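Each remark here refers to the structure printed beneath this line.
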Amino acid sequence: MKTLADLAAIRDKMKGKVAIREGSSDTRIVVGMATCGIAAGARPVLNAFVEAVNDAAMTDSVMVTQTGCIGICRLEPVVEVYVGNEPKVTYVKMTPEKAKEVFAKHIKGGAVVTEYTVGSAE
Amino acid sequence: MKELSLNILDIAQNSLRANSTHIEIDLTEDKTSLCFTIRDDGCGMTPEFLSRVTDPFSTTRTTRSVGLGLPFLKMQAEMTGGCFSIESKAKQISPELHGTVVSATFIKTHIDFIPLGNIVDTLCALVMGAGEVDVTFVHRMPEREVSFSTREMREMLGEGIPLSAPEVIAWLREYLLDAYAAA
């Protein structure tokens, strides 16, 4: 049974790490979470990325955030991935399964999963 | 929306974008009905915007001129024989006390009732995106109750650890799953 007291353990474990984290996340995963995204299934996609980052213990280098409507509602759920100085990659029609694959191949492996990108969908 | 909890996430996202400092989500269920209220202290809406807010051709989005969140919710509640209400006080009109309250009641026994679905996923996604905004949640069921408050979480975590940290979200997920399993 988890209790609030467990958060104290998380605090002690994370102390000192967070300051470094804030400036240095060189990878950002941005999930569109407006009505269009949510209705199309963005919530499980977002949670799949958060879990993947946590499971891979990559919380220091990868940040998962949310944004509003990206403007291509028919292709939701839409996910934008920013790695270092590389150009942004936009993934469309995402699912939790595709999210895990993108995490393994692109975030960890550095290889864009071209078949899920907006360029392939258009 | 396939789950009511998705509507809750959608409406709460509006509260986040309204520059609220606190969002309260209150879910009350009995055998035949489910009622939820989302209350924020954000910038509110003017009477003029409020009067047309359930019209799909009203929206705050800038990418195009259609917004479906509130119209969907109203329709889904009314389809079950339930009801929907929204009240709001705009900051420019009422600088002291402002914000928005959205309430919806659903009749659970009606064939058009959409299940609540994965409320834990909704709360994790909401807290992750909440930044400095505080979220209070309570789900009252006939014989039990599940609740949490980000204020309590922040007190335990102390300064400098954001609620959006995946470690914290993982804790929240397990905490809520435990609470629902025990309830």
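So that the names make sense, note that chain A is the first sequence line, chain B the second, and so on, each numbered from 1. This structure is a prediction, so every number in the text was calculated from the model and none was measured.
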Residue from B:Thr122, B:Val168, B:Leu16 scoring the most non-hydrogen pairs under 4.5 Å with chain A is B:Thr122
Review point. Mind checking whether A:Met33 and A:Val30 sit in one hydrophobic cluster, side chains of I, L, V, M, F, W, Y counted as touching below 4.5 Å?
Key: no
Just checking B:Arg173: does its CZ atom have more than 12 heavy atoms from other residues, nucleotides or ligands closer to it than 6.0 angstrom? yes
Scanning both residues in full, the closest heavy-atom pair of B:Trp171 with A:Thr3 reads NE1-O, 3.1 Å
Under 4.5 Å to a heavy atom of chain A? For B:Leu6 that would be both
Checklist line | Shared hydrophobic cluster, B:Val101 / B:Ile8 (ILVMFWY, side-chain heavy atoms < 4.5 Å) | finding: no
Counting heavy-atom pairs under 4.5 angstrom with chain A, the leader among B:Lys2, B:Met153, B:Glu155 is B:Met153
Worksheet item: Is the count of non-hydrogen atoms from other residues, nucleotides or ligands lying under 6.0 Å from B:Asn19 atom CG greater than 12?
Response: no
With a sphere of 6.0 Å drawn around NZ of A:Lys98, does it hold more than 12 non-hydrogen atoms of other residues, nucleotides or ligands?
yes
A:Pro44 and B:Asp121 have their tightest heavy-atom pair at CA-OD2, 4.4 Å
- Query: Crowded around B:Lys91 NZ? As in, over 12 foreign heavy atoms under 6.0 Å?
  - Reply: no
message = I'd like to check A:Thr35 versus B:Met1 (side-chain heavy atoms, cut-off strictly below 4.5 Å). Are they in contact?
response = yes
With the 4.5 Å side-chain cut-off for hydrophobic clustering, are B:Ile107 and B:Leu4 part of the same group? no
Closest heavy-atom pair, B:Tyr175 versus A:Lys2, reported as atoms and distance to 0.1 Å, is CD1-O, 3.3 Å
Going by heavy atoms in the side chains, are B:Met128 and A:Asn47 under 4.5 Å from each other?
no
The interface call for B:Gln13 against chain A, heavy-atom contacts under 4.5 Å, is side chain
Q. Thinking salt bridges, do B:Glu167 and A:Lys13 make one under a 4.0 Å N-O criterion?
A. no
*Single-linkage hydrophobic cluster, 4.5 Å side-chain cutoff, A:Tyr82 and A:Val78 together*: no
Residues A:Leu7 and B:Leu157: closest non-hydrogen pair is O-CD2, 3.7 Å
Honestly, the part of A:Val50 sitting under 4.5 Å from a heavy atom of chain B is both
Can you see whether B:Asn118 engages A:Arg43 through a side-chain donor-acceptor pair at a distance of less than 3.5 angstrom? no
Scanning both residues in full, the closest heavy-atom pair of B:Ala125 with A:Gln66 reads O-NE2, 2.7 Å
Okay, A:Val31 and chain B: the region with an atom under 4.5 Å from a heavy atom over there is neither
| field | Same cluster (ILVMFWY, side-chain, under 4.5 Å), B:Val138 and B:Val127 | value | no
Scanning both residues in full, the closest heavy-atom pair of B:Ala165 with A:Met14 reads CB-CE, 3.7 Å
_Other residues, nucleotides, ligands: >12 heavy atoms within 6.0 Å of B:Gln92 CD_ = yes
Fill in: Criterion side chain to side chain contact (heavy atoms under 4.5 Å, CB included) on A:Asp6 and B:Glu174, from CA distance to verdict
CA-CA 11 Å; A:Asp6 300 324; B:Glu174 283 187 41; over 6 Å; no
When the 4.5 angstrom heavy-atom criterion is applied to A:Leu46 and chain B, the contacting part is side chain
